[in-house]
Amino acid sequence: MLIVKELSIKTSAFHIIRQVSFKINQGRVKVLLGESGAGKSTLGLFLSGVLKPGLSWEGEVFYHGEKINPLGEDWRGRTAGLILQDPYSSFDPRQRILSALVEPLMVHLSLSRGEAEDRALYWLRQVEFPLEKRWRFPHELSGGLLQRAAVAAALILEPGVLIADEPTSALDPPLRAGIRELIKKFSHKRHVLYITHFVEDALFFGEDYLVLYGGLVMEEGPRLRHPYSKLLMTSVVKPGKELPEVTGFSPHPSSLPPGCPFRPRCGEASDRCYELPPLKKAGENLVRCWNVR
Amino acid sequence: MSVELVKIEKKLGEFRLRDFNLRVERGETLGVVGGSGSGKTTVFKILLRLLRPDRGSYFLDGRDAMALSRRAFSRRVQGVFQNASRALDPRKTVDFLLREPYLIHRDLEPRVEELLREVSLPPEILRSYPPQLSGGQQQRVVLARALALEPDYLVADEPTSALDPTVQVQILKLLKKIQARRNMGLVFISHDINQVLYMSQGLLVMLSGLIMESGGVEEVLKKPSPYTLHLLNPRPSREREGGACPFYGLCPLAGPKCQKEIPPLRSLGEGHLVRCHYM
Ligand SMILES: Nc1ncnc2c1ncn2[C@@H]1O[C@H](COP(=O)(O)OP(=O)(O)OP(=O)(O)O)[C@@H](O)[C@H]1O
Ligand code: SF4
Ligand SMILES: [Mg+2]
C-alpha cells in the first residue's frame, strides 16, 4: 500500500497542494481527476521523486508500511516509474529507443549488455512496440508509438509504483484507448496513480477516484458524487448530447476564493458554502461539500 | 459566396497532401477531422496563405484568392491557432493586442469593448498580460483578434485541444454562436470527431494527406466509411503492416485490393464521397 498523509506543497507565497491524504492499494489504479491548475502534476511529480525548484513540502509518505522520502535516492525510477504527457520529453532526442531502455539496466542493475538487451526486448514486446523500429530515434516515431516505448521505459526497472501524468492528453482518441489499456494491463501488483482531465479515461479505470480542485481533495472513493465531479462528467462532447452550461474556470492557487473554492462555479451552492466544508464520509466516498450527504 | 480549394497538391518532406478539394459556403461550418500527421495543419496553412500549394487553385467567392493583396486577404479570411499562449505576445496588454489589427487597417473603427463582449470577457481584462490569463481566456483573446477585422471566413485549427474539457465546452459553444451570428463560413479542424460533429454541417475526414470521406454530416453518419467508423468508435487493435490504402493497417474490411491500390474517392450520391474498395 502507498499512503500519503497531510501532504502540502507550497511556494514561498501560496500552497499548490493543501493537506492531501489518500491511499493506493496494490494492484489498483487511482485516478487523479482535475482541471489545469488543480495541482495534479505537482502532486504526481512529487510522488515520482521530482519537486520543481522553489517549492517545499511537508507531510508523510508510507510505502509498504515504511515511512519514505520520495525525493531520496532509490525512489525515482527504481521504486516509482513516471510516464509524462509529452512522450518526446521522456527521451533523449539523440539516443535510439533500444539504447534508452538498455542504459538504466546496465547502470542500476549492473546487467551485461546482452542481458540488458534481452530485458529491453522483452519490455518492447510487452508494450506491443514493433521491434523492427527499435533502432529509431524518438523524432522518427509517431507520438502514439513513442508513448508505448515510454511505458516500457517507465517499467523496465520493475517499480512498484507507477505515476502516469496525462499520458494520453497529447494523443488522438484511437491512440488514447491503446495507451490506457496498456496501463491497465500493467497495474497488476503495482500502485498506479493515473492523472487525467479526460472523464472517459477516468471511467475506463473506474474504481477509485481522487478529485482535486485548487489544491484540495474534493472527493475520494469509488464514486463521483461531488458537484465539481458532476461538472467534469457532463463536460464531454458526444453526438446528440446537449453541452452543459459551464461558468468560470479553474482558479490559480494564489487566488482561491474563500470558503469552498468551487463555490463561484457551483450550481448547488448555498450560504454555508462561504465556509470551507470538511472532507467527510458520504456513502462509500469521502466528499468535501456541504450539500452532499 | 464560398471558400474553395481545388485539386491541391503539396509535398512537405515525406508528407504529401494529394488531390485535396474543399468547399465551405458563408453561413456554414465544415469540419475537418483526422489523426495526427493526417495533414490538417497543412490545410489550415494553405487556407490562410501561410503555405503555397505546389499545384491546384484557391478561390474566394469565385475569384483567385492567391491574387489578392495581403491586406485585402486578411479582411476576408482569418485564422485561430491551436496554441493560444504562443499566438499572443506575452509583453503586450490585452488592450494593445485587440487594437493591433486596426493599426494596419486604419479605415476600420476599433471596437474593443464590443469584441470583448462577443467573446464573453470582462472589460477589466484589457489591462492584463496574456500570462496572467487562464488558457480559456487566452483562447478568447485569440478569437477576438481574429474577429476584429470582421472576416467572412474563419479557419480554426484545433482551437480547443490544449484546453480542459470544461473549457473546451465553453469555447465550442461560443464559436458556434459567433459563426451563426456573423454568418461566417467556418472551417473547424480537430482530431476529435465528436467536436467536429457538434460544430459542423459538412464533414471532411483525412488520413495520410488523403481525403477518406466527405459529405453532409447526416449522409456520412448514415453510411460511414471504415476509417470514420474507427474514429467514431475507437478501439485499440493491432496494426497490420503495409497496404496501399492508408487505413489498411487497422481496417476490418481490408482485402487484397487494399494492399495493392489506393482506392479512388467515389460518390455514394447526395454529395457523399468515400475512399474504400469494399464499401
Ligand atoms: N514553481 C511554481 N511557482 C509558482 N506557481 C507554480 C509553480 N509550479 C506550479 N505552479 C502553479 O500551481 C498550479 C498547479 O500546477 P500543476 O502543474 O501541478 O497543475 P496541473 O493540475 O497539473 O495542471 P495542468 O492540467 O495544466 O497540467 C498552477 O496554477 C501553476 O501555475
Ligand atoms: S460546498 Fe457548496 S459550493 Fe462547494 S461544492 Fe458543495 S454545494 Fe457547491
Ligand atoms: Mg499537468
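Here is the naming used below: chain letters follow the sequence lines, and residue numbers restart at 1 for every chain. Bear in mind that the values here come from a model prediction, so they are computed numbers and not experimental data.
For Glu242(A), no part lies under 4.5 angstrom from a heavy atom of chain B. Looking at Leu163(B), the atoms closer than 4.5 Å to chain A (heavy atoms on both sides) all sit in the backbone: N, CA, C or O. Of the atoms belonging to Ser142(A), not a single heavy atom falls under 4.5 Å from chain B. Proximity to chain B is absent for every atom of Pro130(A), based on heavy atoms less than 4.5 angstrom apart.
Side-chain contact annotation: Ser229(A) with Glu219(A), donor-acceptor N/O pair under 3.5 Å present. Defined by atom type and a distance below 3.5 Å, a donor-acceptor pair is missing between the side-chain atoms of His252(A) and Gln132(B). Donor-acceptor pairing under 3.5 Å is lacking for the side chains of Glu166(A) and Thr196(A). Side chains of Ser225(B) and Glu213(B): a donor-acceptor N/O pair is present below 3.5 angstrom, by distance only.
Among Gly34(B), Gly35(B), Ser134(B), the residue with the largest count of heavy-atom pairs under 4.5 Å with chain A is Ser134(B). Interface remark: of the candidates Gln137(B), Gln170(B), Gln195(B), Gln170(B) forms the most heavy-atom pairs closer than 4.5 Å to chain A. Between chain B and the residues Pro244(A), Ser169(A), Gly143(A), the largest count of heavy-atom pairs under 4.5 Å involves Pro244(A).
Cation-pi contact between Lys30(A) and Tyr194(A): absent, since separation from the ring centre below 6.0 Å together with deviation from the ring axis within 45° is not met.
Ion pairing of Arg176(A) with Glu200(A) is present here, as a side-chain N (NZ or NE/NH1/NH2) and a carboxylate O approach within less than 4.0 Å.
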